[in-house]
Amino acid sequence: MSFGLNKNMIVLVIDPVTAIRTMIADVVKSFKFKETLAFEETRSALVYLEQETPGWIIMPPLAEDEYSCLTFLSTIVQNPRLRNTKVSLVVNADEEAYCLPASFELGLMSWHKRTKSQEEFSADLTELFSLLKVNNYDPTLVAAEYLRSYLDEKTYNLSRLAFERNLLELYPAMPNIMLSLAQAQFLNSLTEDGNQTLNQVILLNEKMAPQCKAIQDRFVNAASLPKTESEGGASPPQEKQEAPPKETQEAPKNEGQEEKTSSPTNLSSVFGVQTCVAIEPDSMVLQHVVELLKNTGVGDVHAFEKGKDAWEWVKANKEPDMIIMEWRIPEVTGPILIQRIRNRGYGMVPIVVISSLVKDNEVALLKEIGVDHVLRKPFDNRSFYKGIVQTIQRNRLPKDQVSLELRIRKLLRIGKVKEAYWLVRKFIEDPLIIPEAKLAIQAEYEYYKGHYKKAKELAIKAMRRGKETVYLMNLLGNCLMKLKMFDEALLFLDKAHEHCPLNIERVVNIADAEMQLDNFDKATEAVETAKSLDPEAEQVSEVEAKLAIETNDENTARKILDQLESNRKIVSYMNNRAIALARAGRFGDGIALYERTLKTLPEHDKQLKAVVSYNLGLAHARQGAKEESLAVLNLIKPEEEGLKKKVASLVKKIKGSIASGKAIHFSHDDAELVAKANEDDDTSFEVPKDDVLIQDYINNIDLQKGDLCLYLVFFFQEVHDERIKPMMERAKKRIVSKEKKVAA
């Protein structure tokens, strides 16, 4: 939960002076927090911190203490359980302020001047909670306010500039942060950069022109900002900007230096978008979109009027930072192009659809294929910029239910299950999100973890509690496919298809399910439907090849396999299918499928041929056809050592059985070469309770920018005060010592 809204958190107050400690504790209690604990000794407080999870710690720097504020902050950084714990320092500003830069680097939220007055400290905390409310209870933005006040007071202009740039990267296109960046640029004599940043603020929100003008007048006493639309000026300006040179590592001194005329800052930092693909059949609209992007600093815009041309560019280049496109485009239409992009592995690129042609029955598809935002035509400049900003913010810092769901599903789809864990946890812990939505997101998480039985149960619970969404019906159908409950899977996949018929992946799954049930006529119908949607999609070619092998259409199967970049997925599927048939006692069907698969395999793929041949020989042996088994096994020339041993072992058993006249004893080592999925694994995602965390995730996930106030966002550019070094060393030794104990 956002800091400041949760009054049930535990607050620790640490101070060696009884009067100060009591005063602070009394003030905190007056803000209606459920529990406030006061500690005189840091050792006791640190022991508590290592066992429990307070929400807020208020303490002095304790520079001379064995366990200073840096020790507490370092402990929080090192322990994911404490990720939501925030720290505020009570500082004697004249003597202890040197501790603040290092403290902010380690995730400090706020600092307050030390006072004995209960009224003054209460006013300080009132201001803190006011800042939290203004900043939507985001502790990172609040920490930024407190850091700026310190840096400005000490005139650490270089650190202020570096910090504002990093913060804007975290919160791209946020006008208030851009205003702060402009001030930092002016403070460092980067006048041209400051003017450009203010120009961009006006592009995003012309109502902020007076604030921009005030900042410019304050620092440069000039009036060179562009007129807004209401003042008769052009918005946005249409002049073409040249790509700026890279900034150098050197930065200006703060005092006694002449004004510096610098090269423009890389404008792409405003949105954090360097490469954008724009697709629009109307050349006038396309040109306007390109100009809008260029004017906000996107230097590399690739514009296309046809979907086919855009697809060729996407295939030949790395994933762009953003895609902006019309829904109805020629040659390769929007729904198909987006699915191609996603299936190529470009799962995280934000996609904005600009169109008035999205039909009501296509809204579900937008969600399924991962469209981030839809901007209706006609649009004005302000709505365009607002849509881009919202899309970027949702991708970088997902907070609301919709953006969290989208981000989680994107991560899961591209296999970043561990990274998705923390967002799933955040989603589940949010009391404002309805239970059925939490069940649905847990079901999807379990599905991508491979826990299909648990995912099925969660999906059914979600559907019982809420309406049957296309997304849930599809997820449940996929779970049932994995559990080999094909009849039941088809019920849900067909129902989802009725509501949303353009999802190629679902049509392919329907074809697969029909094949598993030997309904080859229906499978053929589904394959033809998939081909009508996108005949060039690799997944469509794969399912067509599977069907051709199943129906003994050797020529079609071989032709498709020769054209595919990889045929291992198909062969693995057919191999698994034959294994299932053989294990079900349908040896004849399984053997026939193995043989058809071998006929269609490319000659050069000897390893795949060896694997399928071994399984064919094993199926003959299980059926009791020993001579046929030996005939197949003797033709195998495996290159991989493990397969050589399996072939030799099986040949030896068969020959021994022939000589003795006894039945073959098959062991676990004789199992087919494609492992069966563990479908009965009930390991599930649970909301961590009593601070119990899933350790395998904790060990592999580090803090990211913005997770802990300004940790990884602020780096002090000036020289640290010498007095901070002993505090840093003691904190470091404490963490290293703790890690050694855990390892032991």
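- Under the side chain to side chain donor-acceptor pair (under 3.5 Å) criterion, E405 pairs with no residue, sequence neighbours left out.
- Remark: side-chain polar atoms of R425 are not paired, donor with acceptor, to backbone N or O of A420 under 3.5 angstrom.
- By the neighbour-count criterion of 12 heavy atoms within 6.0 Å, atom NZ of K426 is densely surrounded, having more than that number from other residues, nucleotides or ligands.
- Counting only heavy atoms from C-beta outward, the side chains of I324 and I388 approach each other to under 4.5 Å.
- Judged by a 6.0 Å distance limit and a 45° cone about the ring axis, R409 is positioned over the six-membered ring of Y471.
- There is a side-chain donor-acceptor pair under 3.5 Å between E368 and N503.
- Formation of a donor-acceptor pair under 3.5 Å by the R394 side chain with backbone atoms of R407 is not found in this model.
- Contact annotation: the side chain of S541 never approaches that of Q563 to less than 4.5 Å [non-hydrogen atoms, C-beta and beyond].
- The two atoms that bring V508 and A530 nearest to each other are CG2-CB, 4.4 Å, heavy atoms only.
- Of the possible polar contacts, none joining the R506 side chain to the P501 backbone as a donor-acceptor pair under 3.5 Å is found.
- For the pair E446 and K453, the salt-bridge criterion is not met [side-chain N within less than 4.0 Å of a carboxylate O].
- Using a distance-only test at 3.5 Å, with no hydrogens or angles considered, no donor-acceptor pair links the side chain of E419 to the main chain of K416.
- Here the side chains of L406 and K410 are in contact, with some heavy-atom distance below 4.5 Å.
- Atom CZ of F492 and atom CG of N474 lie 11.5 Å apart (nearest 0.5 Å).
- Contact annotation: the side chain of L476 approaches that of K456 to within less than 4.5 Å [non-hydrogen atoms, C-beta and beyond].
- Judged purely by distance below 3.5 Å, without hydrogens or angles, the side chains of Y171 and D138 pair a donor atom with an acceptor atom.
- Ionic pairing of E505 and R413 is present here: one or more N-O contacts between side-chain nitrogen and carboxylate oxygen are shorter than 4.0 angstrom.
- Here the NE2-NZ distance, from H451 to K482, works out to 13.5 Å after rounding to the nearest 0.5 Å.
- Residues meeting the side chain to side chain donor-acceptor pair (under 3.5 Å) test with H302, sequence neighbours left out: D300, W313.
- Residues I392 and N395 form no side-chain contact, since every pair of their non-hydrogen atoms from C-beta on lies 4.5 Å or further apart.
- When all heavy atoms of I433 and K438 are compared, the pair lying nearest together is O-CE, 3.2 Å.
- The backbone N or O of G347 sits less than 3.5 Å from a side-chain atom of R342, completing a donor-acceptor pair.
- Under the side chain to side chain contact (heavy atoms under 4.5 Å, CB included) test applied with R376, the options V358, I354, V353 reduce to a single match, V358.
- In this structure, N166 contributes its side chain and V713 its backbone to a donor-acceptor pair below 3.5 Å.
- Partners of N361 according to the side chain to side chain donor-acceptor pair (under 3.5 Å) rule, which considers only residues two or more places apart in sequence or in another chain, do not exist here.
- Across every non-hydrogen atom of V507 and A526, the tightest pair is CG1-O, 3.2 Å.
- In terms of heavy atoms, M481 sits closest to A513 at SD-CB, 3.4 Å.
- Using modelled atom types, one finds no donor on one side chain facing an acceptor on the other under 3.5 Å when comparing D534 with Q339.
- Formation of a donor-acceptor pair under 3.5 Å by the S532 side chain with backbone atoms of T529 is found in this model.
- Side-chain N or O atoms of T469 include one that pairs as donor or acceptor with a backbone N or O of L472 at under 3.5 Å.
- For the pair E444 (side chain) and L475 (backbone), a donor-acceptor distance under 3.5 Å is absent.
- Between I341 and W311, the closest side-chain pair of non-hydrogen atoms falls below 4.5 Å.
- More than 12 heavy-atom neighbours from other residues, nucleotides or ligands sit within 6.0 angstrom of NZ on K315.
- In this structure, E362 pairs ionically with R328, as a charged nitrogen and a carboxylate oxygen lie closer than 4.0 Å.
- You'll find the side chain of V314 reaches within 4.5 Å of the side chain of Y346, heavy atoms only.
- Taking a cutoff of 4.0 Å between a charged side-chain nitrogen and a carboxylate oxygen, D494 and K522 do not qualify as a salt bridge.
- At a threshold of 4.5 Å between non-hydrogen side-chain atoms, the residues I549 and L593 count as touching.
- Here the shortest heavy-atom pairing between T140 and L710 reads O-CD2, 3.6 Å.
- Of the charged side-chain nitrogens involved, at least one lies within less than 4.0 Å of a carboxylate oxygen, so that E536 and R340 count as a salt-bridged pair.
- Remark: K705 engages E169 in a salt bridge, criterion side-chain N to carboxylate O under 4.0 Å.
- Counting only distance, with no hydrogens or angles, the side chain of D372 and the backbone of I351 share a donor-acceptor pair below 3.5 Å.
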